[in-house]
Amino acid sequence: MNGKLIVFEGVEGCGKTTQIQLCSKWLQSLGLSVAVTREPGGTPLGLHLRRLLLEKSLDQPIADRTELLLYAADRSQHVEEELRPNLAAGKIILCDRYTDSTIAYQGYGRGLDMSLIHKLNSIATDGLESDITLWLDLDVEVGLTRKRGTTMALDRIEQEAIAFHRRIQQGYAELATTEPHRIVRIDASASVEIVEKQIQDVLTQRLKLDFLQDDK
């Protein structure tokens, strides 16, 4: 069986981390080999870039285009060091964020040129797309309230104005409309258990179809 790249996307506080953990346990219980990773920060180099990107500094603000390029650098290293080797090994990769995050956050959120973003995504990934992207759809105010209710300090992105996060949500909605073959909406406003069941149902259907095609 060929490896599969399954990406989890959504606004801040949508529950990606929890659902990735649950999904990993479920897939492993089925006897499948799973790798869990994230962007930014899925490689040793990426961890350094993650700190640069997410730690807020009033003395050294990051320009929007610089932010975009740092995400692209993280992704390029991630694809070469983590994603392609695990796919070649036949693993199911569960990835917390990928190219759609850049389109939603830097494109819709920051208002950067979409053609530039698509070019950088293409260069960074060398054409590697997700097999399935699970968009955990949640109201931005609910998600940010969840974040603020934790003991962890908000990172640089989470501290952005609510209008920024609403533009990101709009971006995800438009992406899901234009790429329904790849992006599947998950209602993340439900309980953890119901969201988990939605994800399992989608993956059961999609992966079974893939297995049948691989066997032909």
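None of these values were measured; they are calculated from a predicted model. Start at 1 with the first residue, then count along the sequence.
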If you group Ile, Leu, Val, Met, Phe, Trp and Tyr whenever their side-chain heavy atoms sit less than 4.5 Å apart, what else falls in with L22? V192
Rest of the hydrophobic cluster containing V142 (Ile/Leu/Val/Met/Phe/Trp/Tyr, side-chain heavy atoms under 4.5 Å)? L138
Ion pair present between K25 and E196, side-chain N to carboxylate O less than 4.0 angstrom?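 So K25 does not pair with E196 through a salt bridge.
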Counting only N and O atoms by type, is there a donor-acceptor contact under 3.5 Å from the side chain of R75 to the main-chain atoms of A124?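 No, the answer is negative, given that no donor and acceptor are paired below the 3.5 Å cut-off.
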Main chain of I62, side chain of T66: is a donor-acceptor contact present, judged purely on distance under 3.5 Å?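 Between the backbone of I62 and the side chain of T66 there is no qualifying donor-acceptor contact (under 3.5 Å).
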If you define the side chain from C-beta out and look only at heavy atoms, does anything of [X] sit under 4.5 Å from [Y]?
X: R65; Y: R110; answer: no
X: L203; Y: I92; answer: no
X: L154; Y: R148; answer: yes
X: K16; Y: R97; answer: yes
X: L120; Y: T102; answer: no
X: I199; Y: F8; answer: yes
X: Y98; Y: T133; answer: no
X: E141; Y: I162; answer: yes

Of all residues at least two apart in sequence or in a different chain, which pass the side chain to side chain donor-acceptor pair (under 3.5 Å) check with E82? N86
Ignoring hydrogens and angles, state whether a donor on the side chain of [X] or [Y] is under 3.5 Å from an acceptor on the partner side chain.
X: E9; Y: Y172; answer: yes
X: S130; Y: R182; answer: yes
X: S24; Y: Q28; answer: yes
X: Y105; Y: E67; answer: no

Can you name the closest pair of heavy atoms from A35 and K91 and give their distance?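 Closest approach of A35 to K91, heavy atoms only: CB-CD, 4.1 Å.
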State yes or no: do [X] and [Y] share one hydrophobic cluster built from I, L, V, M, F, W and Y residues joined by side-chain heavy-atom distances below 4.5 Å, directly or via other members?
X: V195; Y: V184; result: yes
X: L87; Y: V7; result: yes
X: L70; Y: L68; result: yes
X: L116; Y: I123; result: no
X: I168; Y: L112; result: yes

About how many Å separate [atom2] of [Y] and [atom1] of [X], when rounded to the nearest 0.5 Å?
X: H78; Y: Y71; atom1: NE2; atom2: OH; result: 14.0 Å
X: Q200; Y: C23; atom1: CD; atom2: SG; result: 7.5 Å
X: I132; Y: Q205; atom1: CD1; atom2: CD; result: 9.5 Å
X: I93; Y: S33; atom1: CD1; atom2: OG; result: 10.0 Å
X: R156; Y: L53; atom1: CZ; atom2: CG; result: 6.0 Å

Before giving the answer on side chain to side chain contact (heavy atoms under 4.5 Å, CB included), spell out for K4 and D131 the whole-Å C-alpha distance, their side-chain angles and the decisive distance to 0.1 Å. CA-CA 6 Å; K4 303 295 176 186; D131 292 289; 3.9 Å; yes
Sorted by chain and residue number, the salt bridge (charged side-chain N to carboxylate O under 4.0 Å, His left out) partners of D139 (sequence neighbours excluded) come out as none
Restricting to salt bridge (charged side-chain N to carboxylate O under 4.0 Å, His left out), what partner residues turn up for E158, sequence neighbours left out?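 Listed in chain order: K147.
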State which residue, out of I20, L5, L83, D96, fulfils the side-chain contact (heavy atoms from CB on, under 4.5 Å) condition with T37. L83
Residues 41-49 side chain polar contacts: donor-acceptor under 3.5 Å, at least two apart:
unit_1, atom_1, unit_2, atom_2, d
T43, OG1, G46, N, 2.9
H48, ND1, R51, NH2, 2.9

